[in-house]
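Since the structure comes first, as structure tokens, the remarks are kept for the end.
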Amino acid sequence: MTHSKSPSSETVTASPPRANSAPGQILTTAQMRDAEAALYESGVEEWTLMQRAGHGAADWIARASAGNLVTILCGPGNNGGDGYVAAAALKARGVPVRVVAPIEPKTEQAKRAAATFDGEVLDHAAGSHGAVFVDALFGIGLARPVSDDLRRLLTDLRASHSLAVALDVPSGVDADTGACPDDLPSYDLTLSFGAWKPAHFTGDALAKLGVVRLVDIDVPDCGGNLRLSEPARLAAPDFATHKYRRGLVAVVGGAMPGASLMTARACALAGAGYVKWMSDHDHPGHPPDLVKDDAPLDDALGDDRISAIVIGPGLGREDDAQARLEAVLAAGKPAVLDADALNLLTPALLESCDAPILLTPHEGELARLCEAFEVDGETKRERASALAKATGCAVLAKGADTLLAVGEDLRFFTPATRWLSVAGSGDVLAGIAAARLAVTGDLVQAACEAVHLHGRAARIVGAGFTATMLAEAVHPALGQML
Ligand SMILES: NC(=O)C1=CN([C@@H]2O[C@H](COP(=O)(O)OP(=O)(O)OC[C@H]3O[C@@H](n4cnc5c(N)ncnc54)[C@H](O)[C@@H]3O)[C@@H](O)[C@H]2O)[C@@H](O)CC1
Ligand SMILES: Nc1ncnc2c1ncn2[C@@H]1O[C@H](COP(=O)(O)OP(=O)(O)O)[C@@H](O)[C@H]1O
Ligand SMILES: [K+]
């Protein structure tokens, strides 16, 4: 397996794109079944899809095995069918391969695929040491929890092979939610067939998937509402632009000015033309290139040239904080609400605000907001969507599996480095998001660009950074993304 350093290194397709490929498409199990049905209707054969999936998988497995023994665990359905096709393809290439099949193939295609493999098929895993273990037991057809016996088999096979590859999703993972048993083994590579599934970017299984790759089997764009956000080039300033046109951002500070200073710094480095720090407090770290506006907030926010506002980092929760949030919402400008602004937000406060608003809650803030707006959901995705609908805001639900909910639409992201889990990194993100909102005027584009810039900055700054170091790294990150 090679790891490229391109921004989309985690999500490149495994094979050359086919005519109808839609690389950023994420389909739920039901949507995948519909897509499949539409393909059959148009004359594509089920067997053809299975061949594409199995051969695409074999390409990756052959590379991972480097000519050493591969063990493929095949289940009864079409996931197992993909496994048999891969086994036959590997054998034809001269890669040593054997199949472990604890359950006989049951679907027509799986039976047909099994018949094409004339190598060794075992019904047990005893002595199955090897280089690569391939899990083709269950895919999106998982119908109930995996039995103890089969879970043990998965764990044993994982332990007795150097690398583990999951076909479509690791067996036991709910493709729609990413829910999985606690003892799910860790995989090195997960190959998704035809389209991404939500479990590739959200839910508990995420930590266990390893690198994820899409095997293109020519599933067309189904126009669904779930998408993977991939980093795109950011626009450089226009020829005739000036600092106001490039975007004037008001960073509204509060009782703890240090946090909003960091937000302002990230904002300035993320492409805004002008950043004004609206703070009643001074701070020894105030840099000379940051303009401080200490006029009464209502007056300061009355500047027509302001194109975006960010409030929350270091705001505090006292009476004054609420008044400041009210002033921001009354200004009628696009705004990013983070941290304490999210803790203070209520339906009543949002009622008269019709400006575009981006909320950037972490898990705790998301839970509080759901309570305040009387919505709920079983998964983070459902909670974020419910909140987006209840508030009319875009909701960037942060964490290891950051996702963006806007109306019916959801954008997912390739996980960023875990080093981002450091105090203040959300303050940096809020500043970046406000800058991108001022520059682009588009909530979704701004939120997506912000997540990518933030992740890129974190990669540049390396391991064990502080939020201040992260904010400074927004500068080279912007340069790399132009
Ligand atoms: N949807 C598509 O367009 C394509 C799907 N393909 C493959 O087909 C897979 C889906 O195939 P299937 O729908 O046949 O489903 P699966 O192969 O994922 O599993 C379904 C089978 O496993 C059994 N089963 C489910 N959960 C079980 C459990 N906990 N314990 C024991 N048995 C259990 C079911 O009764 C059924 O026999 C995908 O994940 C993918 O690998 C590919 O062949 C390519 C095309
Ligand atoms: N495990 C993780 N992997 C990747 N990114 C993470 C992880 N944990 C947190 N992050 C990111 O770090 C940032 C933390 O934001 P937040 O919780 O608001 O921090 P703070 O309030 O201290 O600024 C978010 O962008 C979040 O997505
Ligand atoms: K599988």
Side-chain angles (χ1 to χ4, degrees), residues 1 3-4 6-15 17 21-33 35-36 52-53 56-57 60-61 64 78-79 82 134-142 164-181 184-217 219 221-222 224-231 379-382 384-385 397-405 409-418 448 451-452 455:
M1 247 169 292
H3 296 259
S4 104
S6 75
S8 55
S9 63
E10 303 302 314
T11 58
V12 291
T13 53
S15 38
S21 62
Q25 163 163 256
I26 302 179
L27 297 180
T28 61
T29 300
Q31 289 171 328
M32 189 73 202
R33 301 286 189 209
E36 208 181 343
R52 288 175 187 161
W60 281 99
I61 299 162
N78 289 348
N79 195 247
D82 296 340
V134 179
D135 168 3
L137 187 59
F138 306 119
I140 62 171
L142 183 80
V165 179
L167 298 197
D168 223 7
V169 287
S171 299
V173 172
D174 180 328
D176 288 347
T177 64
C180 63
L184 186 79
S186 285
Y187 292 79
D188 300 286
L189 173 65
T190 295
L191 298 172
S192 184
F193 295 133
W196 299 110
K197 318 295 168 345
H200 295 122
F201 303 106
T202 188
D204 291 342
L206 204 50
K208 306 286 188 75
L209 302 183
V211 173
V212 295
R213 291 286 185 265
L214 186 66
V215 173
D216 193 349
I217 60 170
V219 174
D221 196 319
C222 305
N225 58 334
L226 275 55
R227 300 263 149 195
L228 173 65
S229 168
E230 301 206 63
T379 60
K380 174 171 171 174
R381 174 177 130 207
E382 287 173 359
S385 276
K398 299 179 297 190
D401 57 348
T402 294
L403 58 88
L404 175 70
D409 292 338
L410 280 156
R411 296 279 193 293
F412 294 75
F413 300 87
T414 299
T417 165
R418 296 155 206 188
C448 292
V451 173
H452 294 303

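Source: prediction; values computed, not measured.
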Is the shortest heavy-atom distance from the side chain of Leu191 to the side chain of Asp168 under 4.5 Å?
no
Rounded to the nearest 0.5 Å, what separates atom CG in Leu403 from atom NZ in Lys398?
12.5 Å
Exercise: do Lys197 and Ser192 side chains pair donor with acceptor under 3.5 Å:
yes
Would you check if Cys448 and Arg411 make a side-chain contact, meaning some heavy-atom pair closer than 4.5 Å?
yes
Working to the nearest 0.5 angstrom, can you tell me the gap between Gln31 CD and Asn225 CG?
6.0 Å
Side chain proximity check, Phe413 to Glu230, heavy atoms < 4.5 angstrom:
no
Measure across Ala35 and Val219 and return the closest heavy-atom pair with its distance rounded to 0.1 Å.
CB-CG1, 4.0 Å
Check: Leu228 and His200 side chains under 4.5 Å, non-hydrogen atoms:
no
Min side-chain heavy-atom separation Arg381-Pro198 under 4.5 Å:
yes
Could you tell me whether the side chain of Leu167 reaches within less than 4.5 Å of the side chain of Asp135, counting heavy atoms only?
no
Would a 4.5 Å heavy-atom cut-off, applied to side chains only, mark Arg52 and Val215 as touching?
no
Short question: side chain of Trp196, backbone of Arg227 - any donor-acceptor pair under 3.5 Å?
no
For the pair Leu142 and Val173, evaluate side-chain contact (heavy atoms from CB on, under 4.5 Å) and give the outcome as yes or no after the intermediate values.
CA-CA 8 Å; Leu142 183 80; Val173 172; over 6 Å; no
Interatomic spacing from CG in Leu209 to OH in Tyr187 - rounded to 0.5 Å:
9.5 Å
Between Ala400 and Leu206, what is the shortest heavy-atom contact and its length?
O-CD2, 4.3 Å
Ser171 and Leu137: which non-hydrogen atoms are nearest, and at how many Å?
OG-CB, 3.1 Å
When rounded to the nearest 0.5 Å, the distance separating CG of Asp174 from CG of Asp204 is 10.5 Å
So do Val165 and Thr190 actually touch side chain to side chain, heavy atoms under 4.5 Å?
no
Could you tell me whether the side chain of Asp188 and the main chain of Ala164 form a donor-acceptor pair under 3.5 Å?
yes
Looking only at heavy atoms, what is the nearest atom pair of Ile217 and Ala53, with distance?
CG2-N, 3.5 Å
Passing candidate, side chain to side chain contact (heavy atoms under 4.5 Å, CB included) with Asp176, options Thr379, Thr202, Thr29, Val169:
Thr29
About how many Å separate CG of Leu404 and OG of Ser229, when rounded to the nearest 0.5 Å?
8.0 Å
Between the CZ atom in Phe193 and the CG atom in Asn79, the distance rounded to the nearest 0.5 Å is 7.0 Å
Listed partners of Asp401 passing salt bridge (Lys or Arg N to Asp or Glu O under 4.0 Å), at least two apart:
Lys380
Minimal heavy-atom distance between Met32 and Ala195, with the atoms involved, is SD-CB, 4.3 Å
